[in-house]
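None of these values were measured; they are calculated from a predicted model. Side chains are part of it too, since the values below use all heavy atoms of this structure and drop only hydrogens, waters and symmetry mates.
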Amino acid sequence: MIRINEHFLKLQASYLFSDIAKRVAAFQQAHPERSIIKLGIGDVTHALPPACVAAFHRAIDEMADDATFRGYGPEQGYPFLREKIAETDFQSRGADIAADEIFVSDGSKCDTGNIQEIFSTGARIAIPDPVYPVYLDTNVMAGRTEKNRNGRYDGIVYMEGTAENGFVPELPREPVDLIYLCYPNNPTGATIDKAGLARWVDWARDHRALILFDAAYEAFVRDDGLPKSIFEIEGAREVAIEFRSFSKTAGFTGTRCAFTVVPKSLMAWDADGKAHSVHALWQRRQSTKFNGVSYPVQQAAAAVYTAEGRTQTTALINAYLENAALIRMKMQELGYACVGGENSPYIWINGKKNSWAFFDELLEKAGVVCTPGAGFGTCGENYIRISAFNSRENVQEALARIASALAG
Ligand code: MLT
């Protein structure tokens with residue numbers, strides 16, 4: 001008799017964004033005449049930058065000719081892309097990262113979800129609350145938790161983000177081995193400065209812990225005082241892995257390209273206390289389970305680093321940041337305390353009521369989709385997240401509708 005992995009039974013019935021999509025679809029079916037504006041899932045709406053599109057086309061033409069056709073590529077990504085990433089995203093900012101420490105992939109969701117496989121099932125995990133659900137769910141699937149009780153899993157150390165700490169959790173007070181951090185933060189939009197991040201790096205060094213640093217939203221950082229990479233912090237090469245994505249940087253949510261940085265100096269230990277290279281483990285895992293990102297997609301991603309690509313992606317992100325500023329301003333004007341929306345595409349709003357009730361109210365009265373904060377953890381209760389990923393017209397229309405719905 002084939003048995004299931006019973007750890008899956010501990011999960012919530014469905015993934016947060018699938019759940020929301022179902023509710024929105026049901027509402028639309030019941031009210032086909034209503035126009036709905038989606039500011040829920042952080043999915044980009046603007047077209048790919050022209051420099052990426054041109055590179056994509058050129059690469060497709062190469063694939064159409066026997067002389068330039070390519071089959072399997074290197075699992076870790078083509079050198080032309082890894083070298084550009086290392087130079088531009090890291091070395092130019094004083095972060096000592098080499099091209100062969102970069103693993104190109106098809107998304108940060110997969111990488112942040114898969115990375116836990118290379119660590120002990122007994123590893124003690126510290127996860128922020130609120131949090132991007134992938135970090136938590138993948139550890140539940142792997143059997144690192146007990147049952148969910150009142151919205152929390154026994155076996156996880158939750159690091160609480162609250163209005164009091166500005167949604168930047170305190171350092172753990174108990175021993176943990178693997179720490180998930182995300183800045184600029186999804187879902188709260190909170191940021192961390194270099195001194196704040198240095199405290200985490202020092203803590204990890206002192207405790208032989210490892211930080212999984214999700215920097216998928218680094219392109220939204222406009223404040224020079226904020227780090228874009230954990231590797232800008234001294235000592236991080238010994239304790240951190242970083243996840244980056246072209247999804248939000250260059251509109252690649254549907255195109256799929258990301259990368260993970262695993263320094264060669266990063267070690268983790270076996271039961272006998274012997275040190276092992278985490279880079280070698282991840283390379284082993286990826287070369288077994290992954291066959292690389294398609295050549296045209298990697299060429300499109302490499303175009304982000306050309307002069308035109310940089311200008312175009314900056315303009316793209318500026319447009320979303322301007323939306324974020326409008327959302328934050330309007331919600332504050334309406335009397336709601338907000339975090340994020342600066343150096344981040346997400347605005348985290350204290351709705352002062354049950355977050356699913358606020359979600360329903362905005363959907364029913366304004367036809368606007370947000371994300372209920374409770375979906376990101378118990379500390380998200382009473383909050384909602386509004387995303388800036390949409391056209392200016394839709395954002396303005398959504399804000400006007402929200403203002404009149406909440407006034408009425
Ligand atoms: C979100 O809305 O939190 C993101 O779009 C999720 C993701 O990038 O997978």
Side-chain angles (χ1 to χ4, degrees), residues 89-90 93-97 101-103 105 108-109 111-120 122-132 134-136 138-139 142 144 156-161 165 167-186 188 190-218 221 226-245 258-269 275-282 285:
D89 287 340
F90 297 98
R93 296 185 61 85
D96 174 23
I97 292 296
E101 296 179 312
I102 289 159
F103 293 79
S105 77
S108 284
K109 182 179 187 175
D111 286 354
T112 55
N114 291 332
I115 196 82
Q116 48 75 31
E117 275 183 28
I118 62 173
F119 300 108
S120 154
R124 294 161 299 185
I125 313 290
I127 288 188
D129 176 1
V131 74
Y132 177 45
V134 173
Y135 315 154
L136 185 58
T138 51
N139 278 290
R144 290 199 183 85
I156 294 286
V157 172
Y158 288 91
M159 305 185 292
E160 297 198 340
N165 61 24
F167 292 93
V168 178
E170 316 295 335
L171 296 168
R173 290 204 189 85
E174 54 199 293
V176 294
D177 305 307
L178 202 55
I179 301 167
Y180 288 80
L181 293 180
C182 172
Y183 291 104
N185 188 261
N186 180 15
T188 67
T191 53
I192 194 164
D193 62 17
K194 284 191 180 161
L197 195 51
R199 279 194 284 279
W200 286 93
V201 169
D202 291 345
W203 193 95
R205 285 165 69 93
D206 290 347
H207 294 81
R208 297 217 279 185
L210 195 151
I211 299 172
L212 298 172
F213 189 74
D214 186 349
Y217 299 92
E218 59 76 30
V221 171
L226 297 174
K228 279 173 166 273
S229 166
I230 196 166
F231 298 116
E232 291 173 36
I233 308 297
E234 207 185 317
R237 283 185 54 89
E238 276 70 55
V239 291
I241 291 175
E242 181 165 305
F243 304 92
R244 294 271 191 113
S245 171
F259 59 93
T260 289
V261 185
V262 190
K264 290 192 169 166
S265 43
L266 182 63
M267 296 290 152
W269 290 267
H276 295 266
S277 157
V278 175
H279 181 281
L281 289 178
W282 186 241
R285 191 266 175 212

Which value, rounded to the nearest 0.5 Å, describes the distance between [X] atom [atom1] and [Y] atom [atom2]?
X	Y	atom1	atom2	result
Phe119	Leu212	CZ	CG	6.0 Å
Leu197	Thr191	CG	OG1	11.0 Å
Leu178	Ile211	CG	CD1	10.0 Å
Lys194	Arg199	NZ	CZ	14.5 Å

Please give me the minimum heavy-atom distance between [X] and [Y], naming the atom from each residue.
X	Y	value
Trp203	Pro172	NE1-O, 3.6 Å
Tyr183	Pro169	OH-CD, 3.5 Å
Met267	Val278	C-CG2, 3.8 Å
Leu226	Arg93	O-NH2, 4.0 Å
Asp111	Ser105	OD2-OG, 2.7 Å
Gly235	Val201	C-CG1, 3.8 Å

Close side-chain approach of [X] to [Y], heavy-atom, < 4.5 Å:
X	Y	result
Phe167	Pro130	yes
Val176	Met159	no
Ile192	Trp200	yes
Glu218	Ser229	no
Phe259	Asp89	yes
Leu281	Arg285	no
Trp282	Ile241	no
Ser265	Glu238	yes

[X] side chain to [Y] main-chain N or O, any donor-acceptor pair under 3.5 Å?
X	Y	value
Asp177	Arg124	yes
Asn185	Cys182	yes
Glu242	Ile230	yes
Arg244	Ser108	no

Checklist entry - Hey, is CD on Glu234 packed in by over 12 heavy atoms from elsewhere, all under 6.0 Å? => result no
Next on the checklist: Do the side chains of Glu101 and Arg237 get close enough for a salt bridge, i.e. N-O under 4.0 angstrom?
Outcome noted: yes
Checklist entry - Does a side chain donor of either Thr112 or Asp214 reach within less than 3.5 Å of an acceptor in the other side chain? => result no
Next on the checklist: Ring-plane angle category for Tyr180 and Tyr135, please: parallel below 30°, perpendicular beyond 60°, tilted otherwise.
Outcome noted: parallel
